[in-house]
Structures are given as structure tokens and as C-alpha cells.
Amino acid sequence: MPCIEPVQAWSYKNTGIIAQTYVLAATSHGLGTCIMEGMDGRKIKELLRVPDRYAVPLAIATGYEYLEEDNNDTKEVHTPRLPINEVCFGDSFGVPLTFTEEASTKE
């Protein structure tokens, strides 16, 4: 039997869809983005004076990549990143993520 979702669940799902569309549009214009959640939404609401009836489920950092000039030669500078094997896992935490032909044929 269908049930009606709470308005907060519905609004958070729609916020995710809008965020994805924004990220794709920004990327098409040469901007880098990073979707963030888990921040202090109450503090953000306070700083930006967002009315109580609204929530802040996520934020999106947006900007151009950092370029460093060295003797009139502009080069891209990469910020430190964790290795992929420390961020992405297979079936459970700590299990290496592997992409094999065998895994894709099981589906």
C-alpha cells in the first residue's frame, strides 16, 4: 500500500536532484564543484539568516581550479588526495574495489 513520505524526506530528495543538475551545469562551464553534507546546518542557517521553516541539507563548493604562476608559466596545482583504495571499497569496508569483466557479467 502506498504511503505518503514526510515533507522533509521529499524535500531532501528533490534538493539532491537540483544539486546534481547544478553540478552538471557548473562543470559544463568549466567550474569545479564539491557537494558537502554533514556540516552544521543550524550554524549555516544562523550565518545566512535562513528562516526557521527551511533546512540546509547540503552545500556545494564551487570555483575554478587553482592555478599557480611560475615565471609567467601558468600550471595546474593538484591538492593532496587520498589514494582511491583508501576511499572506495568493494562489498564491505576494507575490501578492495575491483572492476573485472567477471563482475560485470553477473548482473
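This chain uses plain numbering: 1 for the first residue, then up along the sequence. Source: prediction; values computed, not measured.
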With a 3.5 Å cut-off and sequence neighbours excluded, list the donor-acceptor pairs that the side chains of residues 21-31 form with protein atoms.
| unit_1 | atom_1 | unit_2 | atom_2 | d |
| --- | --- | --- | --- | --- |
| Thr21 | OG1 | Ile17 | O | 3.1 |
| Tyr22 | OH | Thr62 | OG1 | 3.0 |
| Thr27 | OG1 | Val23 | O | 2.8 |
| Ser28 | OG | Ala25 | O | 2.7 |

To check you understand the geometry: which heavy-atom pair defines the closest contact between [X] and [Y], and what is its length?
X	Y	value
Val56	Met39	O-CE, 3.7 Å
Lys45	Asp52	NZ-O, 3.3 Å
Met36	Ile60	CE-C, 4.5 Å

Residues that Glu46 engages under salt bridge (charged side-chain N to carboxylate O under 4.0 Å, His left out), provided they are two or more places apart: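 Once residues adjacent in sequence are excluded, the partners of Glu46 under the salt bridge (charged side-chain N to carboxylate O under 4.0 Å, His left out) criterion are Lys43.
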Do you reckon Trp10 sits in the same ILVMFWY cluster as Tyr12, going by side-chain contacts under 4.5 Å, direct or chained? no
Could you grab the distance from atom OG1 of Thr15 to atom CG of Leu58, nearest 0.5 Å is fine? 6.5 Å
Not counting sequence neighbours, which residues clear ring pair (Phe, Tyr, Trp, His ring centres under 6.0 Å) with Phe93? List them please.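 Only Phe89 meet the ring pair (Phe, Tyr, Trp, His ring centres under 6.0 Å) criterion with Phe93.
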